[in-house]
Amino acid sequence: MARFSDEFIAAIKERNDIEAVISPYVDLRSRGRIMKGLCPFHNEKTPSFTVYLDTQSYYCFGCGAGGDIISFTMAMENLDYADAVTSLAQRSGLPLPEDGYDDGMARARRRMLEANREAARFYYKMLYENEGKTGLNYFLSRGLTHDTIRRFGLGFAPDRWDALTRHMRSLGYRDDELLSADLARKTKNGSIIDMFRNRVIFPIIDLRGSVIAFGGRVLDDSKPKYLNTSDTLVYKKSQGVFALNLAKRGTDRTLILCEGYMDVIAYHQAGFTNAVAGLGTAFTQEQAKLLSRYADEIILSYDGDEAGQKATKRTMGILEKTPVRIRVAKMTGGKDPDEIIKKFGKERMRAILSGAVNDIEFDLAGIKAGIDTSDSAGKVEYLNKAAEVLASYNDPISRDVYASKLSEELGVSKDAILAQVKRRKTAEKRKENREIYNSARSAAMGGQNSPNPDRKKNLRAAIAEETLISTLLSNPDFYKEIKDKLTKEDFATPFNYRLYSLIAKRIEDCRAVELSYFAGELTPQEMGYLAMLESKRSKLGNTKKECLDCVNVLKEERRIREQGDPSSMSDEQFLNLFKKN
């Protein structure tokens, strides 16, 4: 089995968010910091497949499948460990650490970045040539200044089949390099022609200042309106954010998230230099994770039409899985930020941004639309839906504040609203716990198909072992408190001792103990068992005392095992069973 360094596996995890990996196969629904869906590994009607965003792991309480992005890829694609890691590396554009591979890949990446830089210079130069007048006039008609055009490196692709291709060849770039960078494409008859023709060009620049891709917009009604670079060695649209290289310089750690290039550029020209836009057709978890490194607050500034509001709701759901605060700006007076700034100026836009509402207020406004709250029936309908919204938020302070607002707005007792919220939360929790209990009982009790068949006959000891393992996965620093108190003989189940030993070895070597690092050591069934143990951490005390109590239980259970069958004991031996060591 191929071995990969911890650093490489960590890079795989960093670039492949578990929701993004699983969601193409499973329709996941958010429940706070976890997501649930129908298990792809067995038939079920009630969702028991659970994804834990905090630990980037999953576990099915129905069939016991579990693990992380690597084990999921192994199971879904029928791959072995090495091929699953390779697949995830390719998915995220991460070079594999093979002999000679890194150097060759690094050279190819450097060459592609150099080609993109030369292409950007060509497009910018063309904007100010006679061939580019229509492109320059378009930007000027949209209110952009020459300084803004220069700052964003905007350009124009001439209305010729091979203008860029000829230029790049003159600089020594081969056709295969232009094709790999998606700067050119091959026709059916084998000719190489430019990817972008007769379009204004928006270079996409990464955080290091390298040009990694391009977006091109038509100047007429032809389709597609926008043409974008496909994924390459240096560009993954699901991970890219337009203008973050400029917006990251802000000091207040607030970003304005827009839908497209022109909205971002209009914001920057008006002095709001913290505006960015996601790349690709839809905002992704990878983009959210990237933005959360540079922002404590994100203001969503999408179009005010129905499509924009749907995109806002979807993006909110993704951003809610990050630590950032979310607010939503309501586009009043225009369809988008670009139009509002042109019509009313930057002060109007500043007021709109200042008045942006938070995620709860946005949700409440959304469910209120179309409901007549002037009569009793409308009030009841709105309040029931509002209670459901508040119940979906775990922050009790937020629930209290908005219960007060609803009480004042509709003349209904705050206590009654909070009571309805509590009923919603209790019902949801009870349903979840019932599902977990019913499905987990058979998976966890052990049996002939369990990776730990000794569990059932050593239940008390096995539970103590599992508690220790679960706690160490979350609190590896506790290991030093128990390592000298436990031996192999204290464990009643060999499988749990194996798990404990693997974890202990990594802790002693000062290495991380996340699930990903065990995928190469355990079978898929064993990974599922370990994922199940990790999922229990929220139910545990996670204290050193709890660990020491488990050690004492294991000592007691060992003593009982070593005493033998009580029916064959003397009276004195039997009484010794109940004495402490």
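No hydrogens, no waters, no symmetry mates; every other heavy atom, side chains included, goes into these values.
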- For the side chain of K342 and the backbone of G143, is there at least one donor-acceptor N/O pair under 3.5 Å apart? no
- Inspect the contact between K405 and E408 and indicate whether a charged nitrogen and a carboxylate oxygen are less than 4.0 angstrom apart. no
- Message: Restricting to side-chain contact (heavy atoms from CB on, under 4.5 Å), what partner residues turn up for D206, sequence neighbours left out?
- Response: R208, S210, I212
Show me the donor-acceptor pairs within less than 3.5 Å that the side chains of residues 288-295 make with the rest of the protein, sequence neighbours left out.
from: S292; atom 1: OG; to: K289; atom 2: O; distance (Å): 2.7
from: R293; atom 1: NH2; to: E14; atom 2: OE2; distance (Å): 2.1

- Message: Can you tell me how far apart CG (L390) and NZ (K422) are? Round to the nearest 0.5 Å.
- Response: 15.5 Å
- Going by the ring pair (Phe, Tyr, Trp, His ring centres under 6.0 Å) test, which pairs reach into residues 262-291, not counting sequence neighbours? F152-H268, Y267-F272
- Message: In the structure I gave you, are the side-chain heavy atoms of I299 and L255 within less than 4.5 Å of one another anywhere?
- Response: no
- Task: Calculate, to the nearest 0.5 Å, the distance between atoms NZ and CD belonging to K236 and Q287 respectively.
- Result: 14.0 Å
- Query: Quick check: does any side chain N or O of R199 sit under 3.5 Å from a backbone N or O of G215, one acting as donor and the other as acceptor?
  - Reply: no
- Item | CG on L319 to CZ on R314, rounded to 0.5 Å | 10.5 Å
- Task: Identify the two heavy atoms, one from S516 and one from I70, that lie closest to each other, and give their separation to 0.1 Å.
- Result: O-CD1, 4.1 Å
- Start with the C-alpha gap between L257 and V276, add the side-chain angles, then the distance that decides, and say whether side-chain contact (heavy atoms from CB on, under 4.5 Å) holds. CA-CA 5 Å; L257 182 57; V276 298; 3.9 Å; yes
- Message: For the CG atom of L499 and the CG atom of L472, what is their distance to the nearest 0.5 Å?
- Response: 11.5 Å
- Query: Which atom names give the shortest non-hydrogen contact between T471 and T467, and what distance separates them?
  - Reply: OG1-O, 2.7 Å
- Do any N or O atoms from the side chain of K330 and from the backbone of A356 form a donor-acceptor pair under 3.5 angstrom? no
- Query: Does any non-hydrogen side-chain atom of E286 lie less than 4.5 Å from one of R15?
  - Reply: no
- Is a side-chain N or O of E388 found less than 3.5 angstrom from the main chain of L383, in a donor-acceptor match? no
- State, with a plain yes or no, whether a side-chain heavy atom of K313 is found less than 4.5 Å away from one of F362. yes
- Query: Taking all non-hydrogen atoms of both residues, which atom of V264 and which atom of A243 are closest, and how far apart?
  - Reply: CG1-CB, 3.6 Å
- State, to 0.1 Å, how close D303 and E259 come at their nearest heavy-atom pair, and which atoms those are. N-OE2, 2.7 Å
- Message: Could you walk me through whether Q239 and S92 satisfy the side-chain contact (heavy atoms from CB on, under 4.5 Å) test, starting with their C-alpha distance in whole Å, then the side-chain angles of each, then the deciding distance to 0.1 Å, before giving a yes or no?
- Response: CA-CA 9 Å; Q239 300 170 2; S92 55; 4.0 Å; yes
- Task: Check the pair I371, K385 against side-chain contact (heavy atoms from CB on, under 4.5 Å), reporting the backbone distance first and the verdict last.
- Result: CA-CA 11 Å; I371 297 178; K385 291 183 177 180; 4.2 Å; yes
- Task: Output yes when a side-chain donor or acceptor of E409 lies under 3.5 Å from a complementary backbone atom of L406, and no otherwise.
- Result: no
- Is it the case that more than 12 heavy atoms not belonging to K310 sit under 6.0 Å from its NZ atom? no
- For the residue pair D220 and S222, confirm or rule out a side-chain donor-acceptor distance under 3.5 Å. yes
- Query: More than 12 foreign heavy atoms under 6.0 Å from NZ of K346: is that the case here?
  - Reply: no
- Query: Got a sec, which residues hit side-chain hydrogen bond (donor to acceptor under 3.5 Å, both in side chains) with R253, two or more places apart in sequence or on another chain?
  - Reply: D296
- Heavy-atom side-chain contact between L53 and M35 under 4.5 Å: yes
- Could you walk me through whether T254 and N274 pass side chain to side chain donor-acceptor pair (under 3.5 Å), step by step? CA-CA 7 Å; T254 296; N274 57 337; 5.6 Å; no
- Item | Check: S71 side chain, D68 main-chain N or O, donor-acceptor pair, under 3.5 Å | yes
- Residue set satisfying side-chain hydrogen bond (donor to acceptor under 3.5 Å, both in side chains) with R399, at least two apart, ordered chain then number -> none
- Item | Side-chain touch Y59/F49, heavy atoms, less than 4.5 angstrom | no
- Message: Could you check whether any side-chain heavy atom of V51 comes within less than 4.5 Å of a side-chain heavy atom of I34, counting everything from C-beta outward?
- Response: no
- Can Q420 and N384 be counted as having a side-chain donor-acceptor contact under 3.5 angstrom? yes
- Parallel, tilted or perpendicular: which fits the ring planes of Y261 and F242, with parallel below 30° and perpendicular above 60°? perpendicular
- Do side-chain atoms of K225 reach the backbone of V218 as a donor and acceptor pair under 3.5 angstrom? no
- Task: Measure the spacing between OG of S57 and CE of M527 and express it to the nearest 0.5 Å.
- Result: 9.0 Å
- When every non-hydrogen atom of G333 is compared with those of E339, the smallest separation belongs to O-OE2, 4.3 Å
- Heavy atoms, side chains only, cut-off 4.5 Å: are L300 and R327 in contact? no
- Query: Are any of the side-chain nitrogens in D549 or K545 under 4.0 Å away from the carboxylate oxygens of its partner?
  - Reply: yes
- Are F72 and Y25 near enough that their ring centres are under 6.0 Å apart? yes
- Message: Using 0.5 Å steps for rounding, measure from the OG atom of S535 to the OH atom of Y58.
- Response: 12.5 Å
- Taking all atoms of both residues into account, what is the closest heavy-atom pair of F41 and A65, and its distance? CD1-CB, 3.6 Å
- Message: Could you check whether any side-chain N or O of E534 sits under 3.5 Å from a backbone N or O of S470, counting only pairs where one atom can act as donor and the other as acceptor?
- Response: no
- Message: Check this for me: does any side-chain nitrogen of one of K335 and D305 sit under 4.0 Å from a carboxylate oxygen of the other?
- Response: no
- Item | Main-chain N/O of I69 paired with T73 side-chain donor or acceptor, under 3.5 Å | yes
- Validation row: L468, F478 side chains within 4.5 angstrom (heavy atoms): no
- With K414, which residues qualify under side-chain contact (heavy atoms from CB on, under 4.5 Å), at least two apart? D400, A403, S404, S407, L418
- Message: Is it true that R217 and Y138 share a donor-acceptor pair across their side chains at a distance under 3.5 Å?
- Response: yes
- Take R455 and E465, measure what salt bridge (charged side-chain N to carboxylate O under 4.0 Å, His left out) needs, and give me the verdict at the end. CA-CA 10 Å; R455 185 186 194 274; E465 294 166 357; over 6 Å; no
- Query: Can E526 and N452 be said to form a side-chain contact (heavy atoms from CB on, under 4.5 Å), step by step?
  - Reply: CA-CA 9 Å; E526 292 168 343; N452 190 8; over 6 Å; no
